[in-house]
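Have a look at the structure below, then the notes.
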Amino acid sequence: MFGADVDLVKVAGRTLSAEYLKGADVLLVRSVTQVNDALLAQANQLKMVGTATIGTDHIDQASLDKRGIPFFSAPGCNANAVAEYVLSVVFSLREEEALYNHLTVGIVGVGNVGGRLQQRLTALGIKVLLNDPPRQAKGEQGFVSLQELLSRADIICCHTPLITDGDFPTYHLIAQEQLAACKAGALIINAGRGSVIDNQALLIALDERPDLQVVLDVWEHEPRLDESLVNRVSIATPHIAGYSLEGKLRGTHMLRSRFADIFGEAPPAAFPSYLPKAAIHHVHVSDEVTAKALIRLVYDPYCDDRALRASIGYQDQATRFDRLRKHYPVRREFESLVIKGLAESQLSNTLKNLGFTLELA
């Protein structure tokens, strides 16, 4: 995507040191690399820093500002992927009929990811509660307090950035008091930032409240995980909720566009031109198929769960965690699968609203 005339040097994200940035013009990272004063100490000609992620809490933007180095992130690049991860988890752990008729989903943090999840759930006819104090403080409507959301939601989805100070901190936003307030039988899903939930308080809560179910894709103190907590949650995955091929390529494409702006080059080709055809491109189904079966055909969270659990209990567990992320298999988004054989129906409408591509009979 960057062309043969660009000299690309790849370095493991956790081992990148200041020496690598001597003479570098551009630094592109993902979430494991802490970009701060120490890393930038020898960056004598850096003209751009970019992260191919939504989150920016690993970037010391003040350090970049004082050096006059432009910074770019990729907001929304993997919002579809994370929303589809959550939907895959929900359809794995809850019956479809109950989802539509009885259950309420609460979304904590309604930015790019939370907003995309809200759109999908609303299109499916699933009741949604929203909590986003910064947006509410600006006068936007339609939000409830965290306390109300926790007490009413059957499924609680966390999608906030990690903020440690200011008017709306999110560090340990959900701790002992909040966990005690959760509705009986609630399912808690964190695919945002690990420290938004106090993991020690969560472990205690799971001992005291066996009715709760928890799914964690993000963890405090990554890549070193609390084995006791891994063993207690219903689904455990290695911070890969946003790791669809589309999400990764979209983030890179967004940074390539900024690169073109900075260096006066031609912009990249349109994003879809970089996407290969999915390994499973289309299926022909009958009206006996279920949404859950088709979701699992594209993405089954239990595969990642098994891989993570197999990495626990070793001295090099942290290394194994990083390896799962670095060598993550190709995962596509729902849209990549074309479903054929269905007539216009409630099922076809559900599949369309989930994000699948349909060719109706």
Side-chain angles (χ1 to χ4, degrees), residues 54 76 79-80 82-163 167-198 201-202 205-206 209 211-218 233-235 241 291 350 353-355:
I54 292 175
N80 273 338
V82 180
E84 291 182 3
Y85 170 92
V86 172
L87 290 166
S88 300
V89 164
V90 168
F91 274 78
S92 293
L93 295 175
R94 293 291 184 268
E95 294 298 323
E96 290 181 38
E97 185 176 343
L99 269 174
Y100 304 131
N101 298 328
H102 307 298
L103 301 185
T104 298
V105 178
I107 302 175
V108 182
V110 196
N112 283 305
V113 175
R116 196 67 53 85
L117 179 60
Q118 176 197 3
Q119 291 171 7
R120 299 277 183 104
L121 292 171
T122 301
L124 289 166
I126 297 172
K127 294 185 288 294
V128 178
L129 296 174
L130 306 176
N131 171 261
D132 195 312
R135 290 182 59 183
Q136 190 171 14
K138 294 176 181 178
E140 296 186 45
Q141 303 298 310
F143 300 103
V144 300
S145 69
L146 181 60
Q147 182 74 17
E148 180 178 351
L149 183 147
L150 296 174
S151 66
R152 292 177 54 195
D154 300 285
I155 301 170
I156 299 157
C157 305
C158 299
H159 297 294
T160 71
L162 181 62
I163 301 171
D167 294 331
F168 305 107
T170 62
Y171 176 78
H172 286 185
L173 179 68
I174 297 179
Q176 182 178 1
E177 179 183 349
Q178 290 74 30
L179 291 165
C182 288
K183 184 177 179 179
L187 166 62
I188 302 169
I189 304 170
N190 190 5
R193 286 292 182 261
S195 295
V196 167
I197 298 180
D198 182 339
L202 180 59
L206 288 172
R209 293 196 54 184
D211 62 296
L212 295 179
Q213 274 190 298
V214 174
V215 172
L216 294 181
D217 180 59
V218 290
V233 302
S234 296
I235 296 178
T350 293
N353 288 329
L354 278 167

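- Listed by first and then second residue, the salt bridge (charged side-chain N to carboxylate O under 4.0 Å, His left out) pairs that reach into residues 98-113 come to none, sequence neighbours excluded.
- Each of Leu117, Val89, Val108 was evaluated against Cys157; a single residue qualifies, Leu117, per the side-chain contact (heavy atoms from CB on, under 4.5 Å) test.
- Remark: Ala205 pairs with Leu179 by the side-chain contact (heavy atoms from CB on, under 4.5 Å) rule, at least two apart or across chains.
- With rounding to the nearest 0.5 Å, the separation of CG in Asp217 from SG in Cys158 is 12.0 Å.
- Applying the salt bridge (charged side-chain N to carboxylate O under 4.0 Å, His left out) definition to pairs two or more places apart or across chains, none involves residues 91-101.
- Here the side chain of Thr160 pairs no donor or acceptor atom with the backbone of Gly109 at under 3.5 angstrom.
- Side-chain atoms of Val82 and His159, non-hydrogen and from C-beta on, do get closer than 4.5 Å to each other.
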Can you list, pair by pair, the side-chain donor-acceptor contacts under 3.5 Å of residues 148-155, counting residues two or more places apart and other chains?
| unit_1 | atom_1 | unit_2 | atom_2 | d |
| --- | --- | --- | --- | --- |
| Glu148 | OE2 | Arg152 | NH1 | 2.6 |
| Ser151 | OG | Gln147 | O | 3.3 |
| Ser151 | OG | Glu148 | O | 2.9 |
| Asp154 | OD1 | Lys183 | NZ | 3.0 |
| Asp154 | OD2 | Thr104 | N | 2.8 |

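- Here Val218 pairs with Asn190, Glu222, His239 under the side-chain contact (heavy atoms from CB on, under 4.5 Å) rule; sequence neighbours left out.
- For Ser195, the side chain to side chain donor-acceptor pair (under 3.5 Å) criterion is met by Glu220, not counting sequence neighbours.
- Gln176 contributes atom CD, which lies 9.5 Å from atom CD of Gln178 (distance to the nearest 0.5 angstrom).
- Here the straight-line distance linking atom CG of Leu173 with atom CG of Asp198 works out to 11.0 Å at 0.5 Å rounding.
- For Thr350, there are no side chain to side chain donor-acceptor pair (under 3.5 Å) partners two or more places apart in sequence or in a different chain.
- Residues that satisfy the side chain to side chain donor-acceptor pair (under 3.5 Å) test with Asp211, not counting sequence neighbours, are Arg209.
- Rounding to the nearest 0.5 angstrom, the gap separating the CD1 atom in Ile107 from the CZ atom in Phe143 is 10.5 Å.
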- Going through the checks in order, is the side chain to side chain contact (heavy atoms under 4.5 Å, CB included) test met by Val90 and Ile189? CA-CA 9 Å; Val90 168; Ile189 304 170; 3.8 Å; yes
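- How far SG of Cys182 is from CD1 of Ile156: 4.0 Å, rounded to the nearest 0.5 Å.
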List, one per line, each side-chain donor-acceptor pair under 3.5 Å for residues 120-132, sequence neighbours excluded.
| unit_1 | atom_1 | unit_2 | atom_2 | d |
| --- | --- | --- | --- | --- |
| Arg120 | NH1 | Glu84 | OE2 | 3.2 |
| Arg120 | NH1 | Leu354 | O | 2.5 |
| Arg120 | NH2 | Asn80 | OD1 | 3.1 |
| Arg120 | NH2 | Glu84 | OE2 | 3.2 |
| Thr122 | OG1 | Gln118 | O | 2.8 |
| Asn131 | ND2 | Val144 | O | 2.9 |
| Asp132 | OD1 | Arg135 | N | 3.3 |
| Asp132 | OD2 | Val110 | N | 2.8 |

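- Looking only at side-chain heavy atoms (C-beta outward), Val86 and Val113 stay at 4.5 Å or farther from each other.
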